[in-house]
Amino acid sequence: DREHIEGSRFLWPEWLALNTPEANMVSVNAKTATKVLQNLGINKQSMIVICHKGSDVTIAARMFLALEHFGLKGQVSFLNGGIEAWKKAGYPVSNKTSVYKKGNYVAIVNDLLVDKEYVQKVLLDKTAEVVDARAKRWYDGDPTGNPRDGHITGAKNVPYTDMIDSTNTLKPVQVLEKNFSAALPDKQKEVVVYCFIGQTASVDYLVGRSLGYSMKLYDGSMQEWSRIPELPMEKTRK
């Protein structure tokens, strides 16, 4: 209400990723997404820029993923540094109410959000790399409050915090490339990321996409996986 890029419209994250009694960041269905996206004025040919404020970079990254998941892959960009970077560069902001027409976009599911069965399959078949985007201490096994601690057995660790600097801006491409390639040297192999609830891992998704990796996100993440004793987990202590 106070300031925004003129002409932009407001996207409340829970319109596309719900918090429920059972889980957080639960993706809505295509019918609900269609209504949301049309109300935002989105059409089939729309190019979309996601802009965040301050530390909301992780939830903005989740919205980037959500739009790609609902069929807009390749049509979504991320404003690095958000509204602060926009203002620092000397561009204007406005408090005027944005006026735009209702869109006609019809959402389709692009299968970028996967379930626990998919994760189990790729671990068994070794057809994809599974990546834990949480801080190393959680990956190693420090207590989290979840039913079980540690990480999915066989998962690699690429902390999302290594992707962002103190100004909530994604680091230079050379740094991002180094962070990813250290754990994921094969760019041709699919990568499935996860975290606690499927929010912060969206930063890894965003970065991986920008670097040319084929990315997906395990939406249930540790909130679901740690609850099921039959699903394999391990701890790493150094």
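Taking hydrophobic clusters as Ile, Leu, Val, Met, Phe, Trp and Tyr residues chained together by side-chain heavy-atom distances below 4.5 Å, L11 does not share a cluster with I83. A single hydrophobic cluster is seen to contain both I152 and V192, as judged by linkage of ILVMFWY side chains at heavy-atom distances under 4.5 Å, directly or through other members. In this structure, F64 is a member of the same hydrophobic cluster as L67, with clusters built from ILVMFWY side-chain heavy atoms closer than 4.5 Å. No continuous path of ILVMFWY side-chain contacts below 4.5 Å connects V106 to L37, so the two sit in separate hydrophobic clusters. Note on F10 and V57: same hydrophobic cluster, where clusters join Ile, Leu, Val, Met, Phe, Trp and Tyr whose side-chain heavy atoms are under 4.5 Å apart, directly or indirectly.
The backbone N or O of K96 lies less than 3.5 Å from a partner atom in the side chain of S94, making a donor-acceptor pair. Between the R148 side chain and the I228 main chain, a donor and an acceptor come within less than 3.5 Å of each other. Proximity of a side-chain donor or acceptor of T169 to a complementary backbone N or O of D165 within less than 3.5 Å is not detected. Although no hydrogens or angles enter the test, the distance criterion places a donor-acceptor pair under 3.5 Å between the side chain of K187 and the main chain of L211. The backbone N or O of T32 sits less than 3.5 Å from a side-chain atom of N29, completing a donor-acceptor pair. Judged by distance alone, with hydrogens and angles left aside, the side-chain atoms of K102 form no donor-acceptor pair with the main-chain N or O of N39 at under 3.5 Å. Remark: side-chain polar atoms of E190 are not paired, donor with acceptor, to backbone N or O of T127 under 3.5 angstrom. A donor-acceptor contact shorter than 3.5 Å links the side chain of R9 to the backbone of L40. Proximity of a side-chain donor or acceptor of Y213 to a complementary backbone N or O of K189 within less than 3.5 Å is not detected. Counting only distance, with no hydrogens or angles, the side chain of N19 and the backbone of M25 share a donor-acceptor pair below 3.5 Å.
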L72/Y105 under side-chain contact (heavy atoms from CB on, under 4.5 Å): CA gap, chis, key distance, verdict: CA-CA 10 Å; L72 290 161; Y105 182 74; 3.8 Å; yes
Going through the distances and angles, do C51 and F78 end up as a side-chain contact (heavy atoms from CB on, under 4.5 Å)? CA-CA 6 Å; C51 176; F78 185 86; over 6 Å; no
Go through F180 and M163 one step at a time and tell me if the side-chain contact (heavy atoms from CB on, under 4.5 Å) criterion holds. CA-CA 9 Å; F180 255 68; M163 310 298 151; 3.8 Å; yes
Take N146 and Q223 through the test side chain to side chain donor-acceptor pair (under 3.5 Å) and record every step on the way to the result. CA-CA 7 Å; N146 284 329; Q223 189 174 48; over 6 Å; no
Run the side-chain contact (heavy atoms from CB on, under 4.5 Å) test on D115 and V119 for me, step by step, so that the C-alpha distance in whole Å, both residues' side-chain angles and the decisive distance to 0.1 Å come before the verdict. CA-CA 7 Å; D115 57 20; V119 176; over 6 Å; no
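Annotation: the span from K178 atom NZ to K171 atom NZ amounts to 10.5 Å, rounded to 0.5 Å. The CD atom of E3 lies 9.5 Å from the CG atom of N95; values are rounded to the nearest 0.5 Å. In this structure, CG in D162 is found 10.0 Å from CG in L176, a value given to the nearest 0.5 Å. Once rounded to the nearest 0.5 Å, the distance linking OG1 of T58 with CD1 of I164 reads 7.0 Å. With rounding to the nearest 0.5 angstrom, the CG atom of L231 is 9.5 Å from the CE atom of M222. Within the model, atoms OG of S226 and CG of D149 stand 8.0 Å from one another, a figure rounded to the nearest 0.5 Å.
Between Y218 and Y118, the gap from one ring centroid to the other reaches at least 6.0 Å.
In summary, D204 and R134 do not engage in a salt bridge, as defined by a charged side-chain N under 4.0 Å from a carboxylate O. Salt bridge annotation for E68-K216: absent, with no cationic side-chain nitrogen under 4.0 angstrom from a carboxylate oxygen.
Contact detail for G81 and H52: the closest heavy-atom pair is C-CE1, 3.7 Å. Between L217 and R62 the shortest heavy-atom distance is CD2-NH1, 4.1 Å. The minimum heavy-atom distance linking Q75 with Q45 is given by the pair NE2-C, 3.8 Å. For the residue pair A66 and L16, the shortest heavy atom distance occurs at CB-CD1, 4.2 Å. Heavy-atom minimum distance, I50 versus M63: CD1-CB, 4.3 Å. Nearest heavy atoms, G74 versus M47: O-CE, 4.0 Å.
Residues W225 and Q120 meet the side-chain proximity criterion, which asks for heavy atoms closer than 4.5 Å. A 4.5 Å side-chain heavy-atom check between V191 and Y205 finds every atom pair outside the cut-off. A heavy-atom distance below 4.5 Å is not found between the side chains of H151 and V130. Side-chain contact between P92 and E6 is absent, with no heavy-atom pair separated by less than 4.5 Å. Proximity of L112 to M215: side-chain heavy atoms (C-beta onward) are nowhere separated by under 4.5 Å. With a 4.5 Å cut-off on side-chain heavy atoms, V76 and V49 do not count as touching. No side-chain heavy atom of Q38 sits under 4.5 Å from any side-chain heavy atom of I42. Considering only heavy atoms from C-beta on, V36 stays 4.5 Å or farther from V28 through its side chain.
Of the residues Y160, Y194, Y139, the one that meets the side-chain hydrogen bond (donor to acceptor under 3.5 Å, both in side chains) test with D132 is Y194. The residue from D219, N24, V26 that alone fulfils the side chain to side chain contact (heavy atoms under 4.5 Å, CB included) condition with I197 is N24.
By the neighbour-count criterion of 12 heavy atoms within 6.0 Å, atom NZ of K35 is sparsely surrounded, having that number or fewer from other residues, nucleotides or ligands. In the displayed structure, Q188 atom CD is contacted under 6.0 Å by at most 12 heavy atoms of other residues, nucleotides or ligands. Atom OH of Y91 is surrounded by 12 or fewer heavy atoms from other residues, nucleotides or ligands within 6.0 Å.
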